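Read through the structure below, which is laid out as structure tokens, and then see the notes.
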Amino acid sequence: MKPLSTIVQSVPPSPTTMMMQRGRELKAAGKDVISLAGGEPDFDTPRHIIEAGYAAIEAGDTHYPPSFGTPALLDAIVAKLKRENGVHHITPAGIMVTPGAKWALFATLAALVEPGDEVMILDPSWVSYAPMTMLHQAVPVRVPLSAGDHFQVTADLLERYVTPNTKVLMVNSPNNPTGRVLSRAEIDALVHVATTHDLYVISDEIYEHILFEGHVHYSLAAEPGMAERTVIVNGFSKAYAMTGWRLGWLAGPEPIARLARIYQTHSAQSAASFTMAAGVAALNGPQTCVKEMVAIYDQRRRLVSDAFEEIPGLECTPVEGAFYVFPRFTATKKNSLEITQALIDEGLIVGTPGSAFGPAGEGHVRFSIAERTADLEKMVDRMAKIVPRL
Ligand code: PMP
Ligand code: GLU
């Protein structure tokens with residue numbers, strides 16, 4: 001037989017997806033497992049959003065929808081960008097609704113890169129950024145951030161990694177996995193580097209509403225000189241607890257959206273029809289549900305961070321946003337894969353190894369705090385016993 005695709009074989013399967021599956025299998029085998037590997041709200045989708053989805057199905061909204069999003073959803077996204085993000089230049093033609101933000105990222109990269117282009121990725125970063133880049137035959141260039149200085153981003157650091165081939169900078173704030181929210185100074189640094197070196201920016205804002213302790217989310221597309229070079233990627237999975245609906249979107253300059261749209265017509269075609277009505281209800285409806293969920297994530301963040309602080313051998317940077325804790329295991333020689341395995345073997349706690357997020361994540365394990373508080377309480381008790389023995 002002829003060899004299979006070397007391009008696809010060059011990337012591993014998504015470690016978060018695989019670890020989520022591991023948790024499901026242990027649960028199915030009757031184990032008292034605590035599954036914290038996936039970033040998935042434990043809350044059900046808010047009622048008014050579910051009802052909008054039902055109503056759409058009942059009304060016969062089960063046919064092919066417009067490939068790039070219904071007019072109502074495109075308008076809701078335009079209004080949301082103005083209202084919440086201070087982004088006033090996006091038109092419906094600059095938007096594409098997608099089956100999940102993951103696909104929006106993939107389609108954006110498809111629209112931007114050619115083989116050999118370099119894509120700058122802040123390390124650690126979400127597990128799929130580098131593989132997505134490689135699947136488009138572009139080259140991920142990791143900019144190592146350090147837990148020691150709270151994963152700070154500076155212009156000097158970024159500029160050390162810019163080459164004549166650098167084309168795209170991928171940014172995610174609030175950040176998965178570090179929990180960092182980019183400060184005003186860091187946003188200024190990113191804007192400086194992107195505009196000086198004529199880079200496109202993919203700004204993954206999927207955790208924008210999940211902020212703690214007064215941290216503020218700045219949308220890069222609203223910054224001076226950024227409108228023509230920034231594609232915002234966002235979705236409904238996290239803020240509205242809609243992971244299974246598979247609904248996301250990209251918004252940016254029309255020439256980029258035009259290419260992403262070509263790509264979608266030959267691949268995913270569209271998001272599912274009735275999910276778009278649910279998306280309109282989410283964006284245009286009351287936002288109290290989001291605030292209520294964030295308040296509970298905040299309590300859980302404190303619970304886990306306070307407990308981890310008492311465990312010798314664990315070091316955590318403060319969780320400013322998103323819903324992950326990302327402790328560093330400082331008193332063991334084991335690498336993050338071995339630590340993750342030991343936590344499963346000895347405590348039935350499933351996390352995601354830090355190395356899955358890049359070399360700068362080595363020594364860390366990521367745990368989602370978007371899980372039931374009772375499970376998190378059990379997890380910290382088990383960790384207190386296991387960590388000293390690692
Ligand atoms: N970006 C980041 C940083 C994420 O954590 C996720 C969650 N998987 C996504 C994008 C994609 O989300 P979804 O495809 O569920 O909309
Ligand atoms: N965003 C989640 C995570 O990082 C879900 C899994 C995934 O899509 O990777 O765990």
Side-chain angles (χ1 to χ4, degrees), residues 11-24 35-43 45 49 69 73 77 96-109 121-133 135 151 170-182 201-210 217 220 231-251 264 268 271-272 275-276 278-279 282-283 297 319 321-326 340 350-358 361 364-371:
V11 304
S14 158
T16 43
T17 307
M18 303 313 282
M19 293 309 286
M20 282 161 80
Q21 187 55 26
R22 187 83 183 277
R24 281 191 200 104
S35 285
L36 308 174
E40 142 132 285
D42 58 316
F43 301 108
T45 304
I49 301 175
L73 184 51
I77 293 169
M96 180 167 83
V97 174
T98 55
K102 205 177 224 180
W103 184 252
L105 289 163
F106 203 77
T108 304
L109 278 166
I121 293 173
L122 305 176
D123 180 12
S125 69
W126 184 45
V127 294
S128 289
Y129 290 169
M132 282 181 182
T133 301
L135 289 171
F151 302 111
M170 292 187 82
V171 181
N172 170 223
S173 178
N175 188 267
N176 173 7
T178 66
R180 275 299 317 287
V181 176
L182 291 170
V201 173
I202 301 177
S203 180
D204 180 346
E205 306 188 3
I206 195 155
Y207 296 100
E208 65 172 334
H209 293 299
I210 305 171
H217 168 71
L220 276 163
V231 178
I232 298 173
V233 170
N234 208 327
F236 297 81
S237 287
K238 314 293 170 169
Y240 300 101
M242 290 176 69
T243 45
W245 296 75
R246 310 307 306 129
L247 191 63
W249 45 273
L250 63 86
Q264 180 148 295
T275 66
M276 297 193 200
L283 292 181
Y297 297 142
V319 182
F323 45 48
Y324 306 98
V325 283
F326 194 55
T340 306
V350 188
T352 301
S355 55
F357 303 92
H364 297 250
V365 178
R366 189 196 76 175
F367 304 100
S368 168
I369 52 168
E371 287 296 338

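Numbering starts at 1 and runs along the sequence shown. Predicted model only: the values in this text are computed from it and were never measured. Counting starts at 1 for both ligands and their atoms, following the listed order.
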Residues forming a salt bridge (charged side-chain N to carboxylate O under 4.0 Å, His left out) with Glu371, sequence neighbours excluded:
none

Correct closest heavy-atom pair for Gly361 and Phe326 would be CA-CZ, 4.0 Å

Among all protein heavy atoms, pick out the one at the shortest distance from atom 7 (C) of ligand 2; state its residue, atom name and that distance to 0.1 Å.
Thr16 OG1, 3.4 Å

Testing the basics here: between Ala322 and Val319, what is the closest heavy-atom pair and its distance to 0.1 Å?
O-CG1, 4.2 Å

Pick whichever of Met18, Lys102, Lys238, Arg366 has a heavy atom sitting closest to atom 3 (C) of ligand 2.
Arg366

Donor-acceptor contact present, side-chain Ser173 to main-chain Leu182, <3.5 Å:
yes

Out of all atoms in ligand 2, which are within 4.0 Å of some heavy atom of Gly38? Include the element for each.
10 (O)

On a heavy-atom basis, which atom in Thr16 and which in Ala37 lie closest, and how many Å separate them?
CG2-O, 4.2 Å

Quick one: ligand 1 N/O to protein N/O pairs below 3.5 Å?
| unit_1 | atom_1 | unit_2 | atom_2 | d |
| --- | --- | --- | --- | --- |
| ligand 1 | 1 (N) | Asp204 | OD2 | 2.6 |
| ligand 1 | 5 (O) | Asn176 | ND2 | 2.7 |
| ligand 1 | 5 (O) | Tyr207 | OH | 2.6 |
| ligand 1 | 14 (O) | Ala101 | N | 3.2 |
| ligand 1 | 14 (O) | Lys102 | N | 3.0 |
| ligand 1 | 14 (O) | Arg246 | NH2 | 2.8 |
| ligand 1 | 15 (O) | Ser237 | OG | 2.7 |
| ligand 1 | 15 (O) | Arg246 | NH1 | 2.9 |
| ligand 1 | 16 (O) | Ala101 | N | 2.7 |
| ligand 1 | 16 (O) | Ser237 | OG | 3.3 |

Heavy-atom pair of closest approach, residues Pro124 and Thr178:
CG-CG2, 3.6 Å

Heavy-atom pairs closer than 4.0 Å: do any link ligand 2 to the side chain of Asn176, the backbone, both, or neither?
side chain

Ring center gap for Tyr207 and Tyr324 short of 6.0 angstrom:
yes

Using a 4.0 Å cut-off to any heavy atom of Gly39, which atoms of ligand 2 qualify?
2 (C), 3 (C), 5 (C), 10 (O)

For the residue pair Trp245 and Ala278, what are the closest heavy atoms and their distance?
CZ3-CB, 3.6 Å

Shortest non-hydrogen contact from Gly38 toward Met20:
CA-CG, 3.3 Å

To which of Phe357, Trp126, Phe323 does the heavy atom nearest atom 4 (O) of ligand 2 belong?
Trp126

